[in-house]
There are 2 protein chains.
Amino acid sequence: MKQKNIIIFVKKIFMTISEENYLKVIYHLSNLSPKGVNTNAIAGMLDTKASSVTDMLKKLSDKELVDYQKYQGVFLTEKGKLHAKMIVRNHRLWEVFLVEKLGFAWDEVHEVAEELEHVRSEKLINQLDKFLNFPSFDPHGDPIPNAKGEIPTIAKQLLSEIEAGESITCVGVKDTSVDFLKYLNKQQISLGTKIKILEKESFDGTIKIEINSNVIVISDKIANNLYVK
Amino acid sequence: MKQKNIIIFVKKIFMTISEENYLKVIYHLSNLSPKGVNTNAIAGMLDTKASSVTDMLKKLSDKELVDYQKYQGVFLTEKGKLHAKMIVRNHRLWEVFLVEKLGFAWDEVHEVAEELEHVRSEKLINQLDKFLNFPSFDPHGDPIPNAKGEIPTIAKQLLSEIEAGESITCVGVKDTSVDFLKYLNKQQISLGTKIKILEKESFDGTIKIEINSNVIVISDKIANNLYVK
DNA sequence: TTAAATTTTTAGACAAAACTAAAAAATAAA
DNA sequence: TTTATTTTTTAGTTTTGTCTAAAAATTTAA
């Protein structure tokens, strides 16, 4: 499908933090369920009740940020999508800042970025972008929308997709659970770690890899949750 | 009076942004009116109504952040003072960041710092402090409290010690008599007023200065009782 | 010292964003 | 298709932080 060039004049709407959080969640869920995001899913993500979600959807609908018809699920409008992308942009840029400049570990950044993303200043975020050298991906390997809302095409692959003999760099994780991150830490795998694929066992999917001159064997479960580039 | 070493165990209280703003304003006003901050002054600073202030003072009093008795003005408790200082710390560190790292002008930073100061993360602010090399003063010359709440002493000098040609800021008074303060008021000199030394007369110690584009001459007596930086 | 002016507080209301409980619609199962 | 289950919405409260209008306390002035 060909994307039309659309110029959108976005009137600067005041949005509460709560409204922004709803938009962001709807944005993320839209990618998974393209035929309308349902109320319960939103409630689950925001740890709130379905009735609260219904109330908010009406509010967002009045502001023309979502297309909403009762019982039919909800879609973002172009305006809503752009706003959502700007919040995602803020979130991911702050994550880069926290990891690269303030020495946070990648599993510590989410909570703080959840707050920083709501600071309302275009100059702030664009200068931060520049300060960080216009990064395309955040510490988890997710793409950072630019100031226009354009999203860089994903360059990351799962480790399991790489052929034996190749050398790649770890750029993110799919599973962000503490257990997984602890495992990676134990194996001395972190962002930017260079990995060489030595051997792939087709029988059970285990992979023999080399990290910092150490050879280890990882399971297919690990290989399916590690993004590399 | 000698300050006792007191270890305060601060239970981490959840504070709303509104509560934090009230605390901060009371903290700033306390320095000017040490015999209790009055309701109207707070309302003026926060651009709200006196009745709203009364409501909030009760709330802050319940949380033991202020000492409040109706009609009697309000004081910060030790706990409240520490919280207020942490907000000021956040604000001023973010101002340094915005100016030094993101290229903001010194008069553009306040509004953004007003939002950033409320981001709740000790690690964030302490790492930012380190990243900025533990600055003692913000871009406006105001001192930045450290992680313990200690405030660097201002390297203040008497106005009489400054050489002709220099520009300084009024930071305090040596003579605190009502007459002197009234005189300063009449000459439009107050805390934070920028003063340029134009000419010093060695014969009688009078000094020609410029304040807000007005040129006036002050006596040696005045110059010996005004602290500047 | 009494009256006038100012400041502060109370009482009652409202909007935002959440909740509970019950009703309505949609979906799944018998 | 009819019933049962799940999902979603409505209706009515609650909490936070604000407001207006009126009452009470304090301060200033006559």
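Below, read A as the first sequence line, B as the second, and so on, with proteins coming before strands; counting in each chain starts at 1.
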Gap between atoms CG and P, on Leu57(A) and dT7(D) respectively (whole Å): 16 Å
Just checking Asp55(A): base, sugar-phosphate only, or nothing, at a heavy-atom cut-off of under 4.0 Å? base
About how many Å separate CG of Leu98(A) and CG of Leu124(B), when rounded to the nearest 0.5 Å? 6.0 Å
Could you tell me whether the side chain of Ser18(B) has a donor or acceptor atom within less than 3.5 Å of a complementary atom in the base of dT16(D)? no
Roughly, in whole Å, what's the span from OH in Tyr71(B) to P in dT6(C)? 17 Å
In whole angstrom, give the distance that lies between atom CD1 of Ile42(A) and atom C1' of dA18(C). 16 Å
From CG of Leu60(A) over to C1' of dA17(C), roughly how many Å is that when rounded to an integer? 12 Å
Which nucleotide wins on minimum distance to the side chain of Lys59(A), given the candidates dC19(C), dA17(C), dT9(C)? dA17(C)
Less than 4.0 angstrom from a charged side-chain N to a carboxylate O is my criterion; do Glu111(A) and Lys123(B) meet it? no
Proximal nucleotide (of dT7(D), dT10(C), dT9(D)) relative to the Lys70(A) side chain: dT9(D)
So which nucleotide from dT8(D), dT7(C), dA17(C) ends up closest to the side chain of Asn40(B)? dT7(C)
Which nucleotide sits closest to the side chain of Thr39(B): dT20(C), dT9(C), dA17(C)? dT9(C)
Taking NZ from Lys49(A) and P from dT10(D), how many angstroms apart are they, rounded to a whole number? 19 Å
Lys/Arg-Asp/Glu bridge criterion (N-O < 4.0 Å) met for Glu78(A), Lys81(A): yes
Nearest-nucleotide 5' precedence on DNA chain C, Tyr22(A) against Gln72(A): Tyr22(A)
Is any side-chain N or O of Thr54(A) closer than 4.0 Å to OP1 or OP2 of dT9(D)? yes
Decide yes or no, distance alone: a donor-acceptor N/O pair under 3.5 angstrom between the base of dT8(D) and the side-chain of Ser51(A). no
Counting side-chain heavy atoms from C-beta on, which of dG17(D), dA17(C), dT9(D) comes nearest to Thr16(B)? dG17(D)
Whether the His118(B) and Asn21(B) side chains hold a donor-acceptor pair (N or O, under 3.5 Å, no angle test) is what I'd like checked. yes
Would you kindly give the CG-to-P distance between Asn38(B) and dT26(D), to the nearest whole Å? 14 Å
State whether Glu117(B) and Arg89(B) are salt-bridged, where the test is any N-O pair (Lys NZ or Arg NE/NH1/NH2 against Asp/Glu carboxylate O) under 4.0 Å. no
Using atom CD of Glu19(B) as one end and atom P of dT16(D) as the other, report the distance to the nearest whole Å. 9 Å
Any Thr48(B) side-chain nitrogen or oxygen under 4.0 Å from OP1 or OP2 of dC19(D): yes
Start at the 5' end of DNA chain C and walk down; is the nucleotide closest to Ile17(A) or to Ala50(B) reached first? Ala50(B)
Which whole-number value in Å describes the distance from Lys58(A) NZ to dT9(D) C1'? 7 Å
